[in-house]
Every structure is written in structure tokens, then in C-alpha cells.
Amino acid sequence: MHEFSIATAEMHKAHAPEMIMMVEHGVLKADHINWDAAKKMQASMGHGMHNEPNSLLLDPGKSGEIVWHFPKHATLEFACNVPGHYDAGMTGKIELGH
Ligand SMILES: [Cu+2]
């Protein structure tokens, strides 16, 4: 189970606590996403979870699509923010116009 997310390094960092909360709410399991728990968490917190245009959270073996219009100049990162994954190296730089 992984996330694919495009954002600035700061945005990835800010997103990390939300991902930890998803583990605490039983949404992110070791090998799958508990979508029922995700709906409950979403209902109790009153804001959307992972339906943002810059991010996809995928069960093993699934694929998805992000349409992203890059600016001429940007320093971004793609990353997986499932707890521990970013630190394990699931990230890379996107540098445009440098
Ligand atoms: Cu990952």
C-alpha cells in the first residue's frame, strides 16, 4: 500500500501527521487500506481524505492517475507519505527551470 504525492518538501512534512493519524484510526493497515475506517474517520473529522488532486493512496496492485500541470519553474518532490516510507527513500526531486 503506497501513496503517490506531488508537493513541496514542506507540504510533505505537513502531511506526515495526517498519515500517522490514519494509522491510529486503523485506516492504513500494513498491507491494505481499510476504506470503512477511512469513511468513519472522514465523517468524524469533517474533511476530505486523499481525494486531493496532488495525491493518490493506493491498495497493493492498484493503479491510479494524476493530471498535473507543471509550472515553468518549481522545486517539488514526489513522495509516499505512508509512515516510514518517505524516510525509507520513497521520494525524489522534481526540478523545473533550473
Ligand atoms: Cu510507500
Side-chain angles (χ1 to χ4, degrees):
M1 181 246 316
H2 296 285
E3 179 201 58
F4 180 85
S5 182
I6 299 171
T8 63
E10 292 75 27
M11 286 164 74
H12 284 304
K13 224 171 251 165
H15 181 46
E18 292 173 29
M19 298 295 279
I20 289 167
M21 212 154 60
M22 287 166 70
V23 172
E24 289 168 354
H25 281 75
V27 176
L28 299 183
K29 298 298 199 178
D31 60 349
H32 71 283
I33 300 156
N34 183 335
W35 290 105
D36 285 337
K39 277 179 207 147
K40 271 184 210 152
M41 183 181 156
Q42 202 161 352
S44 71
M45 300 188 43
H47 76 86
M49 187 207 91
H50 275 279
N51 43 13
E52 294 145 46
N54 69 322
S55 179
L56 278 175
L57 187 61
L58 294 167
D59 271 311
K62 299 288 180 191
S63 61
E65 194 174 80
I66 286 178
V67 177
W68 185 272
H69 294 275
F70 287 100
K72 277 191 177 164
H73 301 275
T75 301
L76 299 163
E77 289 181 349
F78 64 88
C80 171
N81 289 298
V82 172
H85 290 203
Y86 184 100
D87 290 335
M90 279 184 220
T91 181
K93 278 208 184 319
I94 302 169
E95 294 197 3
L96 303 167
H98 292 281

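Heavy-atom basis, side chains included; hydrogens, waters and symmetry copies ignored. Read the numbers this way: they start at 1 and go in the same order the structure lists the ligands and their atoms.
Between His2 and Val82 the shortest heavy-atom distance is CA-CG2, 4.1 Å. In this structure, Lys29 and Met1 approach most closely via the heavy-atom pair O-CE, 2.7 Å. For the pair Ala37 and Gly26, the tightest heavy-atom approach, listed with the atom from each and the gap, is CB-O, 3.6 Å.
In this structure the side chain of Val27 reaches within 4.5 angstrom of the side chain of Ile33, judged on heavy atoms.
The main-chain N or O of Phe78 is found under 3.5 Å from a side-chain atom of Thr91 such that the two form a donor-acceptor pair. Within the 3.5 Å criterion, the main-chain N or O of Ile6 finds a donor-acceptor partner in the side chain of Asn54.
Protein contacts to the Cu ion (ligand 1) involving N, O or S atoms at a distance below 2.8 Å are His2 ND1, Cys80 SG, His85 ND1, Met90 SD.
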